[in-house]
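Structure first, then comments.
So you know, we letter chains A, B, ... as the sequences are listed, proteins then strands, and number each from 1. None of these values were measured; they are calculated from a predicted model.
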2 protein chains.
Amino acid sequence: MLNERTEKVLFAIVESFINTNEPVGSRFITKTYSFNLSPATIRNIMADLEEFGFLAQPHTSAGRVPTDRGYRFYVDCISRHSDVEDDFLESFISRLEATREDLNGFLEGAARTLSEHSRYLGLVAPMKSGRTTLNRIELFSFRGDYIAVVLLTDEGPIKHKIIKAGQRLTPKTLRRISDYLNQEFSGYTIDEIRLKLIKDMSREKALCDILITKAVEICREALTFPSGDIYVCGFSDFIGLPDFSSHIREIAGAIEDKHFMLKLLEQVGAEVEGPSVLIGSENPAKEMKDLSLVVSTYKQGGKTAGSIGVIGPTRMDYSRAIAMVQTAARFITEALSR
Amino acid sequence: MLNERTEKVLFAIVESFINTNEPVGSRFITKTYSFNLSPATIRNIMADLEEFGFLAQPHTSAGRVPTDRGYRFYVDCISRHSDVEDDFLESFISRLEATREDLNGFLEGAARTLSEHSRYLGLVAPMKSGRTTLNRIELFSFRGDYIAVVLLTDEGPIKHKIIKAGQRLTPKTLRRISDYLNQEFSGYTIDEIRLKLIKDMSREKALCDILITKAVEICREALTFPSGDIYVCGFSDFIGLPDFSSHIREIAGAIEDKHFMLKLLEQVGAEVEGPSVLIGSENPAKEMKDLSLVVSTYKQGGKTAGSIGVIGPTRMDYSRAIAMVQTAARFITEALSR
DNA sequence: TGTTAGCACTCATGCATCGAGAGTGCTAAA
DNA sequence: TTTAGCACTCTCGATGCATGAGTGCTAACA
């Protein structure tokens, strides 16, 4: 499609622009890179690239700027095996030391490490709990007629919730309820349990057992989780980037909206092996048309356990960002397997 | 100190500036407010106010702008009993409905309500858990040699932590440990428990009881909490304010730093009854010299349970903000008492 | 003695102009 | 196919100028 020389020029332009944030001109290219071509030739090539839709001019007589399509071509071509700095990995390791046994703390630390090293926005979203397997349910009465429900999942973290029982339950009753729940639901994923709960609705009515009714009720209430955590770090550095001085507000709004971000990560992350990249207008939301997203998933026990990634301007150092996200995802996966 | 007329002029200037964000001139005052004075007289008064340090001019021949001292005088004078809009309270009530039995969810909702109605930054910080009373400790073994520790406090929320036990413990052993812990620690505040733990160090060694050692160890590990939650809402609206287009970055940095914010809230909140106000340079951190903070505490069972407040530009609608924060704090206090 | 009218003065702001510089596209020559 | 040359376009910063808002001061007034 593009001959080698044209491609090289495109890459040179993309990389210059990533570094300098200034439209790059033909003269600049000839000075900086040794293509042994005159500015005029470069200009011809640039004109071609513009026809292809890979470059654009902010105005006549400015230099060229890569379009989203240009970035896309670049990203699809670059090697995905570039290395990350040593201190990046070291940061991860020391964070892991500091937060051992505290999964959420570690994940938040991972987001922070990512943002600090990339200077972009660091994201981590543990997967929606619907897909995780329930290990055990524990109940205990609490302050009179409340019940504390603790759900242990295989993931490690515990979900908890306080429920109003409506009446005082004896420890024995409580134990019978929790035995029933564990027998029914342990080993299933949260989503499966939700399904079972719907089916049980009828069965439970048939049985007319107050105890069971209560148990299922508790379970149903306990499973109305907040839909999932997400850690976002590095906002202040991110905001300081010169790229979006104008419409910060919309961008900040989109980023603050955790539901939106979760949905975005879930959509993107699932598809391919290795980091996915969404560039500018490829993004589903218009607020993010000047932003790019690099995201990967991490696994636990062979199953996807969450997403990690960065958000930056379309003028992002993709090669570095991809390497970092990939490294981070691998690191977390490895940490979780221990 | 200030005669009544001078005071009225000051208030007029403060309020105009709060509304318009433009330096206010003598002519404007005479047109807008009916003091029955000529611009010249107003100018004389303004000159006096400037001498007092209540007003400043951005440059010769701009209007006057209130200084932090000016705002301070204004805030100290205004009635603290202005009303809030009805829909503000309604928002609270509906949030409470939606998040019943989920304290953290409710508090986050409160921060959001506050930010949405004030258009400033809404903050809620549940008090550092050190001052809350431990109700009960529950232990259960988890995935082999791990132990899940769940701490029930009087506050309602449960703190949980997963600990590596190092060896497999039988249910019976576990029960003995948890009985011991409950006997020792229930009814004390977390801070007291920390103290007790230090004392126990020696006693425990004397006893040479492996079980107790293990128990105390578990407790100590479990009490290394993350230092406290804080909910910050409304960043995108806040950032859109015209006041700080220049140094957004520092401000965003300060706000993102949760430790810093927690410390700030803790410092301010504790002192007086009703909302405290910190204006611009009164603020301990230089990054916040263009921001004002209105913060109050909410209580549970007579004890301070957390802080709630807003952060806005020094040019803040103090009267409204104070009323809102006060209302919010009262509402939460009331909700917690049920 | 306090208030006001008048006036000169100061600045910020917006607008138009201008020159410099950067970069382009096109053409013709190598 | 590449390159040199040239005319052309457009941004950007500096400059000058008029305008308007607002002030401080002085002198007159009630």
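Using a 4.0 Å cut-off, some side-chain N or O of B/Arg5 falls inside it from OP1 or OP2 of C/dT3.
Taking atom CD1 of B/Ile42 as the reference point, atom P of C/dT4 lies 9 Å away to the nearest angstrom. Atoms CD1 (B/Ile45) and C1' (C/dT3) sit 10 Å apart, rounded to a whole Å. Per the geometry, CZ belonging to A/Phe28 stands 16 Å off C1' belonging to C/dG21, to the nearest Å. Computed from coordinates, the A/Leu55 CG to C/dG23 C1' distance equals 14 Å when rounded to whole Å. Atom P of nucleotide C/dG21 and atom NE2 of A/His59 are separated by 16 Å, given to the nearest angstrom.
When atom types are taken as modelled, the side chain of B/Glu256 and the backbone of A/Gly234 share a donor-acceptor pair closer than 3.5 angstrom.
Taken from OG in B/Ser276 to CD in B/Gln267, the straight-line distance is 11.5 Å, to the nearest 0.5 Å.
Ring to ring, A/Phe238 and A/Tyr120 are not that close: their centroids are 6.0 angstrom or more apart. The aromatic ring centroids of B/Phe235 and A/Phe235 lie less than 6.0 Å from each other.
Remark: of the listed residues B/Val325, B/Leu293, B/Leu114, B/Leu264, B/Leu293 is the sole one forming a side chain to side chain contact (heavy atoms under 4.5 Å, CB included) with B/Leu123. When each of B/Ile311, B/Val310, B/Ile18 is tested with B/Met316 by the rule side chain to side chain contact (heavy atoms under 4.5 Å, CB included), just one qualifies, namely B/Val310.
Looking at B/Cys77 and B/Phe11, their side chains come closer than 4.5 Å, going by heavy atoms from C-beta outward.
In summary, contact between chain A and DNA chain D, defined as any nucleotide atom under 4.0 Å from a heavy atom of the protein, begins and ends at D/dT2 to D/dT11 in the 5' to 3' direction.
In terms of position on DNA chain C, the residue among A/Gln57 and B/Pro58 whose nearest nucleotide sits closer to the 5' end is B/Pro58. If A/Ser61 and B/Asn44 are placed on DNA chain C by their nearest nucleotide, the residue sitting closer to the 5' end is B/Asn44.
Note on A/Thr60: only backbone sugar-phosphate atoms sit closer than 4.0 angstrom, heavy atoms only; bases stay farther off.
Residues that satisfy the salt bridge (charged side-chain N to carboxylate O under 4.0 Å, His left out) test with A/Arg330, not counting sequence neighbours, are absent from this structure.
In this structure, the helix from C/dT1-D/dA30 to C/dA30-D/dT1 shows an angle of 20° between the axis at its start and the axis at its end, each fitted on 5 base pairs and rounded to 10°.
A/Thr41 and A/Asn44 form no side-chain donor-acceptor contact under 3.5 Å, judged by distance and modelled atom types alone.
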